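One structure is given below, encoded as structure tokens.
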Amino acid sequence: MGSHQHEPWLLENGNPKVLTREMRHGRTAHSKSSNSLRKKSDRTLVSKVPCATIRNVLFNLQEVILGTKLSILIPAIPVAIVAEYCGFGRPWVFVLSLLGLTPLAERVSFITEQVAFYTGPTVGGLLNATCGNVTELIIAIFALSSNKIAVVKYSLLGSILSNLLLVLGTSLLCGGIANVGLEQKYDRRQGDVNSLMLLLALLCYLLPMLFKYSAASAALTVDPSLHLSRASSIVMLIAYVVYIIFQLWTHRQLFEAEDEDEDDNNGSDEQAVIGLWSGIAWLIGMTVFIALLSEYVVDTIEDASDSWGLSVSFLSIILLPIVGNAAEHAGAVIFAFKNKLDISLGVALGSATQIAMFVVPLCVIVAWTMGVKMDLNFNILETGSVALAIIVTSFTLQDGTSHYMKGLVLLLCYIVIGACFFVQRTPLNQADVTNVIPNGVLSA
């Protein structure tokens, strides 16, 4: 405790907020995962600044900008903005924007946890449940405003596939290799709940697609399929609200990401490093930059596709989710190395559930208010890939134990699906046509 002096200027109210045991029990796997990429700041130099206001500003900058191992990517943010305004190559703007989104996504998780010190674990959990995938949501909204429905569908489905197969597969593989002589166990109850939610989401995705083929003419089912999708989206959002109540109140013990080693070593030593209003201001600022870079990504993805000879579906389904959630994914793998699979599962399954049951239906509702006709029909190839990913993941987690072979199978499934979209060459302007006309008709 001697190394953590409580300077009253660190926080707005002069009283550092300490992470109590109650708050620590309310922490989610996402916040634990993000912590693995953070680094402590040296307050020595900042504390010597005579002006209290300047000290507070400098300390906030030190904690938020330099308090992550991904700070090396932060310069990509201003470079992307300069490249856009100076008219540099559009593919470069695309790459720089993706790199800039990576630390921003991790910093949003950090700031959300800081705000939770003041609001309590329940409100903090709600913030995490709504802001955990803010990058995907903002990218989707900008794509909808540009009427790029295919990009929205591809990127969201890609996030689900990435979490279920890539993140979970890599975590189980690395954890199994690093702990090959140990018995790896996890609480399967959390996985059961998430699997049920994902299967409900899959049903809502399957019905609009099957509905199209159940009629004599596919064109006649366009409007009914759209209405069915909107109704299903409302049902999914209601189910997600109940899921949040289940997660944060009635059955919170199933989702707690406890780390007994850290509790024993640190006790109540963890404390807020920025104030409440500073956290809110940073959260607003980060959201603005995420929105700006997301707009660049949406505007330049077709140019990057043409320049690199890669399909938009591959860039949206494979590249966007990997880069956008790299920080969270890396944290899940790190905890798997430490044989803490409950945290890794919480990150992968929690993110997949949040995308499938919250972000996707919310995008349908937002598109509805914008006058954009987005439905839940993701076409046969995309829907089939998600269905297989959910089924394989559910079978993998059914016995509560793990080894590297399970992770390898999940990872190989992701590689095969990635190869499928790599060789696919569906132009973006034809993506919506396939929602009406079967692929076989187009090829004929």
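Just so you know, these numbers come straight off a predicted model, no measurement behind them.
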Neighbour count above 12 (heavy atom, 6.0 Å) for Met370 CE: yes
Which pair of heavy atoms, one from [X] and one from [Y], lies closest together, and at what distance?
X	Y	answer
Ala352	Leu164	CB-CD2, 3.7 Å
Ile72	Pro75	O-CD, 3.3 Å
Pro321	Ser159	CG-N, 3.6 Å
Ile111	Met286	CD1-CG, 3.8 Å
Ala76	Leu99	CB-CB, 4.0 Å
Leu349	Gly191	CD1-CA, 3.7 Å

Check for me whether the distance between the ring centres of Tyr205 and Phe378 falls short of 6.0 Å. yes
Can the ring centroids of Phe246 and Tyr243 be said to lie less than 6.0 angstrom from one another? no
Yes or no on side chain to side chain contact (heavy atoms under 4.5 Å, CB included) for Leu172 and Thr396, after CA distance, side-chain angles and deciding distance? CA-CA 10 Å; Leu172 297 183; Thr396 301; 4.1 Å; yes
Please round to the nearest 0.5 Å and tell me the distance separating atom [atom1] of [X] and atom [atom2] of [Y].
X	Y	atom1	atom2	result
Ile365	Met374	CD1	CE	10.5 Å
Ser313	Phe421	OG	CZ	6.5 Å
Ser385	Ile390	OG	CD1	11.0 Å
Leu161	Ile417	CG	CD1	5.0 Å
Gln190	Ser195	CD	OG	10.0 Å
Thr383	Lys153	OG1	NZ	8.5 Å

Short side-chain to backbone donor-acceptor contact, [X] and [Y], under 3.5 Å:
X	Y	result
Ser351	Asn163	no
Asn379	Leu381	no
Tyr186	Thr401	yes
Ser162	Gly158	no
Ser307	Ala304	no

Are Ser232 and Leu376 close enough, and set up right, to give a side chain to side chain contact (heavy atoms under 4.5 Å, CB included), and what steps lead you there? CA-CA 9 Å; Ser232 299; Leu376 293 175; 3.9 Å; yes
Are [X] and [Y] packed together at the side-chain level, in the sense that at least one heavy-atom pair is separated by less than 4.5 angstrom?
X	Y	value
Asp375	Val364	no
Val366	Leu362	yes
Leu237	Val241	no
Ile81	Phe289	yes
Leu397	Arg188	no
Val298	Lys148	yes
Leu200	Tyr240	no
Trp282	Phe110	no

From the list Leu137, Ile138, Val134, side chain to side chain contact (heavy atoms under 4.5 Å, CB included) partner of Ser294 resolves to Ile138
Salt-bridged, Lys185 to Asp399, with N to O below 4.0 Å? no
Is it true that [Y] and [X] share a donor-acceptor pair across their side chains at a distance under 3.5 Å?
X	Y	result
Gln424	Ser311	no
Ser225	Asn377	no
Gln184	Asn339	yes

Would Ser155 and Ile317 count as a side chain to side chain contact (heavy atoms under 4.5 Å, CB included) if you check the C-alpha gap in whole Å, the side-chain angles of each, and the deciding distance to 0.1 Å? CA-CA 5 Å; Ser155 62; Ile317 293 176; over 6 Å; no
Strictly by side-chain hydrogen bond (donor to acceptor under 3.5 Å, both in side chains), give each pair with a member in residues 73-101 just once, sequence neighbours left out. Glu84-Arg90, Arg90-Asp303
One pair to check against side chain to side chain contact (heavy atoms under 4.5 Å, CB included): Val392 and Phe395. What are the steps and the verdict? CA-CA 5 Å; Val392 170; Phe395 274 103; 5.9 Å; no
